[in-house]
2 protein chains.
Amino acid sequence: MSIPKENTEKREVGRAGILKAAASLFRQYGYGAVSLRAIAEAAGIKAGSIYYHFDSKDAIVTEILDAGIVAVHEEARAAVLALPDDAAPEVIFRAAIRGHLRALLEHGDYTSANVRIFGQVPAAVRDANLPVRKAYEKYLDDLLSGLQASGAIREDVNLSRLRLLLIGALNATLEWFDPKQGGAEALADDYTEIFLNGIFNKTGVTP
Amino acid sequence: MSIPKENTEKREVGRAGILKAAASLFRQYGYGAVSLRAIAEAAGIKAGSIYYHFDSKDAIVTEILDAGIVAVHEEARAAVLALPDDAAPEVIFRAAIRGHLRALLEHGDYTSANVRIFGQVPAAVRDANLPVRKAYEKYLDDLLSGLQASGAIREDVNLSRLRLLLIGALNATLEWFDPKQGGAEALADDYTEIFLNGIFNKTGVTP
DNA sequence: GTCTATATCTGGATAGAC
DNA sequence: GTCTATCCAGATATAGAC
């Protein structure tokens with residue numbers, strides 16, 4: 001998730017500082033509205049100095065996009081792996097949702113920057129981000145596939161469409177989430193309840 | 001949904017042509033990437049001529065954003081109103097979902113432009129769009145509230161959170177929807193099934 | 001109502017000193 | 001590794017002819 005041109009193992013405080021500042025600004029204001037001058041100012045340097053670390057604005061945003069997907073992928077994966085071997089299917093599902101939302105809403109700017117600006121960057125930059133995106137999609141598809149094979153998810157559920165529904169609903173929380181009104185975990189549990197059981201009130205529950 | 005400064009009742013082919021062309025370009029490429037020169041070219045005129053009809057680029061996008069919300073609001077409302085008086089709760093819910101997705105995925109560029117670029121426009125433009133947004137949100141909240149009061153939606157479902165989940169999941173379909181792989185109606189029915197009943201396989205169905 | 005021409009500004013990127 | 005200074009392209013917006 002970092003593609004320096006040469007001699008990578010350096011201290012790289014300047015480089016990391018630029019990436020961090022850029023991700024925060026991109027997340028807040030979008031790709032087109034953030035200038036290299038603004039990034040430089042937030043990182044505490046001058047605009048021209050950026051070019052010692054990066055070839056272009058696109059090079060910066062390319063790294064940020066990759067880091068964002070990697071972060072959410074790793075957090076979701078870690079949340080599932082932390083479960084006991086005999087965890088119930090709904091617990092596994094909930095853990096993945098929690099990991100995704102924690103990475104998006106609580107940890108760092110890279111993931112939220114990715115969700116916000118992916119649709120705004122040049123096509124070439126989007127294309128460069130596709131491999132890590134596909135890897136995360138495959139992870140989720142495999143997870144859902146396993147849950148369906150074990151009988152936890154109904155057979156008539158189209159899994160790739162379900163994955164798109166889930167990612168769409170989860171990523172959209174970024175637009176309105178307010179940590180002061182309950183954390184990401186509580187939100188994840190609310191959403192999981194609806195995804196698993198729906199909203200419909202089944203009348204005539206067997207007494 | 002149109003805020004001309006003076007003498008509105010004119011023919012307005014030029015004006016409408018500019019709005020239509022701009023909405024289409026904004027939907028495809030985002031707000032920042034589309035120049036007035038590109039809009040003018042798509043509308044068949046020169047860039048300078050745009051200023052006869054609009055005061056600024058922001059004035060154009062302001063109208064487009066409002067028109068987008070109005071279109072989805074009206075389509076959802078019409079779909080529900082077209083139902084017989086004794087329509088079942090799940091039929092009402094499905095009709096609203098269908099209307100929203102039809103407006104977003106099949107009818108015109110204004111609604112999809114709104115979803116795509118709302119997060120990219122200047123804050124003042126976003127603020128100007130809030131009243132029509134709030135009106136649509138209120139419509140959905142009232143609809144869901146009625147369904148919950150009648151017992152169709154479980155009492156423990158938080159309605160404002162449900163509304164955010166629904167709009168988020170529905171609007172996200174714009175990013176991947178392909179009309180060649182099934183229309184908006186079929187997609188709406190798939191999503192509705194999950195929203196209503198969830199994905200979880202209830203074992204021990206009463207035989 | 002649309003044109004041409006242009007003023008003005010901003011942003012990405014480069015060159016070379018330190 | 002960061003600075004200053006600057007080039008150049010492209011954008012919004014304006015002025016006035018037609």
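Values in this document were obtained by computation on a predicted structure and should not be read as measured data. Proteins come first, then strands; the chains are lettered A, B, ... in the order of their sequence lines, and each starts at number 1.
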> Rounded to the Å, how far apart are A:Glu41 CD and D:dC3 C1'?
Replying inline: 16 Å

> In whole angstrom, what separates B:Ile45's CD1 from C:dT2's P?
Replying inline: 6 Å

Anything under 3.5 Å between a protein N or O and an N or O of nucleotides 7-13 of chain C, put it in a table, one pair a line.
residue : atom : partner : partner atom : Å
C:dG12  : OP1  : A:Lys57 : NZ           : 2.9
C:dG12  : OP2  : A:Leu36 : N            : 2.7
C:dG12  : N7   : A:Arg37 : NH1          : 3.1
C:dG12  : O6   : A:Arg37 : NH2          : 3.0
C:dA13  : OP2  : A:Tyr51 : OH           : 2.9
C:dA13  : OP2  : A:Lys57 : N            : 3.0
C:dA13  : O5'  : A:Tyr51 : OH           : 3.2

>> Run the side chain to side chain donor-acceptor pair (under 3.5 Å) test against B:Tyr29 and tell me which residues pass, sequence neighbours left out.
In response: none

> Roughly how far, to the nearest 0.5 Å, is the CG atom of B:Asp66 from the CZ atom of B:Arg133?
Replying inline: 10.0 Å

> If you check the B:Lys46 side chain, which of C:dC3, C:dG1, D:dT2 turns out closest?
Replying inline: C:dC3

> Got a sec, which residues hit side chain to side chain donor-acceptor pair (under 3.5 Å) with B:Glu75, two or more places apart in sequence or on another chain?
Replying inline: B:Arg102, B:His107

> Within this structure, what is the CD1-to-C1' distance between B:Ile39 and D:dT12, rounded to whole angstrom?
Replying inline: 11 Å

> Got a sec, which residues hit side chain to side chain donor-acceptor pair (under 3.5 Å) with B:Glu193, two or more places apart in sequence or on another chain?
Replying inline: A:Arg154, B:Asn197

> With sequence neighbours left out, what residues match A:Tyr191 under ring-ring contact (aromatic ring centres under 6.0 Å, His included)?
Replying inline: A:Phe195

> Under 4.0 Å between a side-chain N or O of B:Ser49 and OP1 or OP2 of C:dC3?
Replying inline: yes

> Taking CD1 from B:Ile50 and P from C:dT4, how many angstroms apart are they, rounded to a whole number?
Replying inline: 14 Å

> Can you list the residues that meet the side-chain contact (heavy atoms from CB on, under 4.5 Å) rule with A:Ala88, with sequence neighbours excluded?
Replying inline: A:Glu90, A:Val91

